[in-house]
Amino acid sequence: MNNTATGSGHQERCRIVVDTCADFTPEIAASLDVDILGFPYILDGVEHTDDIWTSITPAEFYDKLRHGSKASTSAVSLGRYLEFFTECAKEGTPTVYLCFTSALSSSYSSATSAAEQVRAEYPEFELYVVDNALPCSCGELLALEAVRQRAAGLSAKQLAEWADEAKTLVHGYFTLESLDSLAAGGRIPPAAAQLSSKLDIKPELSFDLSGSLSLIGVNRGRKKALKSLIKSFKENYVLDPTMPITIVSADAEKDADWVEAAVRKEDGCANLTIIRGSVGPTVGAHVGPGMVALIFWGRNRAEKISLSDRIAKRVRGVE
């Protein structure tokens with residue numbers, strides 16, 4: 001492994017760990033110098049590990065869902081985290097794990113418990129577990145920039161602190177073809193999904209500071225829902241040609257094409273780097289076929305929190 005030198009001193013290399021809930025494209029996963037933990041998912045009663053579309057293609061996975069296959073997920077186990085973090089400790093490189101949002105999975109809790117046990121056994125080992133509070137490929141954008149910040153010389157401790165602040169600058173706006181998968185997973189009432197289907201209501205979803213999904217709008221029809229994503233982009237994007245944008249879909253490439261074309265029509269956006277990808281099976285099991293997401297760096301979401309949330313933060317000593 002190469003070490004990174006900064007300034008006149010020597011900076012030990014930092015190991016970055018992420019997980020497949022960040023919905024990496026296979027090309028990016030292969031090119032990043034990071035460790036990627038595969039989340040488990042269950043398809044028609046058989047457990048698989050998300051391997052970033054190696055053993056199944058997006059089209060195959062979502063076609064199965066369209067034809068009645070059942071998909072669900074489970075968290076990464078405490079044992080798996082213990083095994084992996086112990087390997088990291090024996091290797092010895094300071095390590096930062098950017099973990100999938102604790103608001104949507106118990107994996108973060110397992111990861112922190114495992115980290116405590118490993119630190120107790122290897123007290124000299126630097127290990128940081130960061131709740132990325134970001135669903136879907138919002139985590140991909142954070143990981144890409146984390147790699148760049150590591151190359152610029154941030155230590156493991158500094159990188160963990162950076163990620164904990166930078167995550168509030170990542171925005172993601174999603175629309176779904178239907179709410180059936182969310183209802184099947186118990187995330188919304190079945191009656192709400194049935195009503196939205198009858199009325200051709202397409203939701204626009206985002207997420208709050210904890211990483212929980214939030215409904216921010218409803219639209220009659222798919223085209224209006226896609227236009228709503230562009231509206232949210234225009235309201236929240238901060239132009240920086242050095243930072244990529246991500247557009248992912250759950251086997252809805254034509255709609256993703258439309259969103260990309262619309263983004264490129266905005267002032268200064270014609271030549272932006274736009275990463276196209278597919279929603280992975282772990283997230284896909286909950287949203288179903290047809291999801292389209294537009295993800296980018298923008299205004300600080302923490303500055304838009306409500307008065308009651310500000311009071312709560314002050315009470316907890318955050319501010």
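Residue numbers count from 1 along this sequence.
- Although no hydrogens or angles enter the test, the distance criterion places a donor-acceptor pair under 3.5 Å between the side chain of Asn132 and the main chain of Leu134.
- Using a 3.5 Å distance cut-off with no hydrogens or angles, the side chains of Ser249 and Glu253 do pair a donor with an acceptor.
- A donor-acceptor pair under 3.5 Å links the side-chain atoms of Asp23 to the main chain of Gly280, judged by distance alone.
- Side-chain contact check for Ser206 and His171: no donor-acceptor pair (N or O, by modelled atom type) lies under 3.5 Å.
- Considering only residues two or more places apart in sequence or on other chains, Asp208 meets the salt bridge (Lys or Arg N to Asp or Glu O under 4.0 Å) condition with none of them.
- In this structure, Glu204 has no salt bridge (Lys or Arg N to Asp or Glu O under 4.0 Å) partners at least two apart in sequence or on a different chain.
- Side-chain atoms of Ser105 do not come within 3.5 Å of backbone N or O of Ser102 as any donor-acceptor pair.
- In terms of modelled atom types and a separation under 3.5 Å, the side chain of Thr168 and the main chain of Glu165 share a donor-acceptor contact.
- Judged by distance alone, the side chains of Gln117 and Glu121 never bring a donor and an acceptor atom under 3.5 Å apart.
- A search for side chain to side chain contact (heavy atoms under 4.5 Å, CB included) contacts involving Val218 returns Ile201, Leu215, not counting sequence neighbours.
- Using a 4.5 Å heavy-atom threshold, the side chains of Glu303 and Asn300 count as touching.
- Taking Ile, Leu, Val, Met, Phe, Trp and Tyr as hydrophobic and joining them when side-chain heavy atoms fall under 4.5 Å apart, one finds Val46 isolated, its cluster having no other members.
- Chaining together hydrophobic side chains whose heavy atoms lie under 4.5 Å apart places Tyr237 alongside Tyr173, Ile216, Leu226, Leu229, Ile230, Phe233, Leu239, Ile245, Ile247, Trp258, Val259, Val263, Leu272, Ile274, Val292, Leu294, Phe296.
- For Ser72, there are no side chain to side chain donor-acceptor pair (under 3.5 Å) partners at least two apart in sequence or on another chain.
- Residues satisfying the side chain to side chain donor-acceptor pair (under 3.5 Å) test with Glu266, not counting sequence neighbours, are none.
- To the nearest 0.5 Å, atoms CD (Glu60) and CG (Asp251) are separated by 10.5 Å.
- For Arg222, the salt bridge (Lys or Arg N to Asp or Glu O under 4.0 Å) test picks out Glu177, Asp255, with sequence neighbours left out.
- Under the salt bridge (Lys or Arg N to Asp or Glu O under 4.0 Å) criterion, the residue pairs touching residues 235-248 are Lys231-Glu235, with sequence neighbours excluded.
- Identified under the ring pair (Phe, Tyr, Trp, His ring centres under 6.0 Å) test for residues 119-168, with sequence neighbours left out: none.
- Side-chain atoms of Arg264 come within 3.5 Å of backbone N or O of Ala270 as a donor-acceptor pair.
- Not counting sequence neighbours, the partners of Tyr81 by the ring pair (Phe, Tyr, Trp, His ring centres under 6.0 Å) test are Phe85, Tyr97.
- A side-chain N or O of Ser155 and one of Gln158 form a donor-acceptor pair less than 3.5 Å apart.
- Applying the salt bridge (Lys or Arg N to Asp or Glu O under 4.0 Å) test to Asp33 and every residue at least two apart in sequence or in another chain returns Arg13, Arg150.
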